[in-house]
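Before any comments, here is the structure.
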Amino acid sequence: MRLPVPVLASEIAEMCGGVLHSEDDPPLDQVAPLEQAGEGCLSFLSDSRRIEGAPALLLAKRQVPGVRTVVVVDPLVALCGLLEQWFPEPPWEGEQRGGAWIGAGARVDPSARLYPGVVVGPGAEVGARTVLFPNVVLQHGVAVGEDCRVHAGAVIGADGFRYHPGAYGLLKVPQVGGVRIGSRVEIGANTTVDRGFLADTIIGDGCKIDNLVQIGHNCVLGRYVIIVSQTGLSGSCRIGDGAVLAGQVGLADHSEVGAGAKIGARSGVRGKIPAGEAWLGAPAFPVAESLRIYAALKYLPEMWRRMKKEKGE
């Protein structure tokens with residue numbers, strides 16, 4: 001995310017009560033996750049991940065030689081305070097157009113169709129020939145492409161679910177990213193797509209998403225992904241082009257599903273699913289292995305009785 005104005009690393013240290021360790025003091029004009037940080041970016045490190053990429057880091061309690069750091073007690077708490085200053089939520093000002101409410105600065109293509117009860121937040125965008133059915137809500141800064149259909153009750157761009165334990169309870173982590181939806185996307189009734197933390201949640205061209213689906217913050221869907229009802233994606237999941245997720249699938253945070261992969265109904269996924277493979281089960285395994293596990297389940301009670309008998313229990 002680009003900052004409203006460039007900020008010196010020394011100014012950041014002063015703002016968050018930290019100590020700058022650096023021989024120079026360059027201006028920074030962006031804030032980004034560590035894995036996406038590039039020139040001019042501030043990022044933060046709250047765990048043991050390898051330090052690389054970011055020109056400046058908020059870092060807990062220690063200095064790292066050769067890395068420009070602002071050392072603070074808790075990097076995420078410090079970042080939350082900075083984000084609240086840099087990215088205050090825009091005021092919800094706007095006007096009624098027909099049965100829809102359009103926020104200040106929003107851009108709605110004249111050919112788009114908005115049903116009664118639709119809310120288009122400040123600065124949001126709606127592309128040509130897109131249809132928003134009754135009571136759809138696009139939060140501020142959401143962009144929906146051309147020829148999309150968003151069905152009744154869907155909410156796009158609500159805050160991602162992230163809280164950080166602090167001295168005064170659970171600190172809400174500001175979600176300053178947005179949601180970008182490509183063209184020819186269909187989103188079902190009462191589905192929710194959360195906005196990103198520091199980067200955007202992205203839904204690629206041609207995706208088809210059923211009713212009652214939850215897509216967490218910073219998820220990235222490729223093109224032509226199919227997601228069936230009651231599936232839930234935790235934060236920062238990545239879904240490759242043409243993947244299919246059947247009903248009630250659950251993905252743990254940072255999970256990846258390769259292009260063309262298929263996940264069977266009610267499966268639980270943690271980690272990476274290779275491209276083109278079919279997986280099933282909770283936890284999920286390749287289908288052939290999962291079917292062997294299911295076939296063996298009916299024999300477990302008898303096996304357990306035999307084991308107890310052999311042990312004399």
Quick check: closest heavy atoms across [X] and [Y], and the distance to 0.1 Å?
{"X": "R184", "Y": "C148", "value": "N-SG, 3.8 Å"}
{"X": "H151", "Y": "V136", "value": "O-CG2, 3.2 Å"}
{"X": "A189", "Y": "N211", "value": "N-OD1, 2.7 Å"}
{"X": "V213", "Y": "Q230", "value": "CG2-N, 4.1 Å"}
{"X": "V118", "Y": "F133", "value": "CG2-O, 3.2 Å"}
{"X": "C16", "Y": "V72", "value": "SG-CG1, 3.8 Å"}

Report whether [X] and [Y] are members of the same hydrophobic cluster (ILVMFWY, side-chain heavy atoms less than 4.5 Å apart, transitive linking).
{"X": "V119", "Y": "V126", "result": "no"}
{"X": "V71", "Y": "L20", "result": "no"}
{"X": "V176", "Y": "F44", "result": "yes"}
{"X": "L28", "Y": "M1", "result": "yes"}
{"X": "L8", "Y": "V5", "result": "no"}

Is there a side-chain contact between [X] and [Y] in this structure, where contact means two heavy atoms from C-beta onward sitting under 4.5 Å apart?
{"X": "L79", "Y": "L198", "result": "yes"}
{"X": "L114", "Y": "I102", "result": "yes"}
{"X": "V70", "Y": "L42", "result": "no"}
{"X": "V131", "Y": "Y115", "result": "yes"}
{"X": "F87", "Y": "L3", "result": "yes"}
{"X": "V193", "Y": "V142", "result": "no"}
{"X": "D253", "Y": "S236", "result": "no"}
{"X": "D210", "Y": "T191", "result": "no"}

*Quick one: salt bridge (charged side-chain N to carboxylate O under 4.0 Å, His left out) partners of D147, sequence neighbours excluded?*
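Counting only residues at least two positions away or on another chain, D147 forms a salt bridge (charged side-chain N to carboxylate O under 4.0 Å, His left out) with R129.
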
Below 3.5 Å, can you tabulate the donor-acceptor pairs from side chains in residues 273-289 to any protein atom, sequence neighbours excluded?
{"residue": "E277", "atom": "OE1", "partner": "W279", "partner atom": "NE1", "Å": "2.9"}

Could you check whether any side-chain N or O of [X] sits under 3.5 Å from a backbone N or O of [Y], counting only pairs where one atom can act as donor and the other as acceptor?
{"X": "S234", "Y": "L251", "value": "yes"}
{"X": "S43", "Y": "L57", "value": "no"}
{"X": "Q175", "Y": "V173", "value": "yes"}
{"X": "T130", "Y": "A112", "value": "no"}
{"X": "D25", "Y": "A9", "value": "yes"}
{"X": "R195", "Y": "G177", "value": "yes"}
{"X": "S229", "Y": "L212", "value": "no"}

Between [atom1] of [X] and [atom2] of [Y], what distance do you get to the nearest 0.5 Å?
{"X": "I156", "Y": "I203", "atom1": "CD1", "atom2": "CD1", "result": "6.5 Å"}
{"X": "I12", "Y": "W86", "atom1": "CD1", "atom2": "CH2", "result": "4.0 Å"}
{"X": "C219", "Y": "H254", "atom1": "SG", "atom2": "NE2", "result": "9.5 Å"}
{"X": "K172", "Y": "L170", "atom1": "NZ", "atom2": "CG", "result": "11.5 Å"}
{"X": "I181", "Y": "I187", "atom1": "CD1", "atom2": "CD1", "result": "3.5 Å"}
{"X": "S255", "Y": "R238", "atom1": "OG", "atom2": "CZ", "result": "12.5 Å"}

*Which residues pass the ring-ring contact (aromatic ring centres under 6.0 Å, His included) test with Y163, sequence neighbours left out?*
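For Y163, the residues satisfying ring-ring contact (aromatic ring centres under 6.0 Å, His included) (neighbours in sequence not counted) are F161.
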
*Taking only residues two or more places apart in sequence, or in another chain, which ones meet W101 in a ring-ring contact (aromatic ring centres under 6.0 Å, His included)?*
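Once residues adjacent in sequence are excluded, the partners of W101 under the ring-ring contact (aromatic ring centres under 6.0 Å, His included) criterion are W92.
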
*Does the side chain to side chain contact (heavy atoms under 4.5 Å, CB included) test come out yes or no for L221 and I215, once each step is laid out?*
CA-CA 10 Å; L221 277 60; I215 298 177; 4.2 Å; yes

*Is any side-chain N of the basic residue among E310 and R306 closer than 4.0 Å to the acidic one's carboxylate O?*
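A salt bridge is absent here (no side-chain N lies under 4.0 Å from a carboxylate O).
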
*Does any donor atom in the side chain of D194 or Q214 lie under 3.5 Å from an acceptor atom in the other side chain?*
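Short answer, yes.
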
*Can you list the residues that meet the side-chain contact (heavy atoms from CB on, under 4.5 Å) rule with S183, with sequence neighbours excluded?*
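E146, D205.
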
*Apply the side chain to side chain contact (heavy atoms under 4.5 Å, CB included) test between L245 and each candidate in I209, I239, I226; give the one that qualifies.*
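One option only clears the test, and that one is I239.
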
*Mind jotting down which residue pairs meet the salt bridge (Lys or Arg N to Asp or Glu O under 4.0 Å) criterion with at least one end in residues 101-126? Sequence neighbours excluded, please.*
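Non-adjacent pairs meeting salt bridge (Lys or Arg N to Asp or Glu O under 4.0 Å): R107-E125.
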
*asked:* Test side chain to side chain contact (heavy atoms under 4.5 Å, CB included) on N218 and R162; report intermediate values, then the result.
replied: CA-CA 12 Å; N218 291 106; R162 185 170 185 179; over 6 Å; no

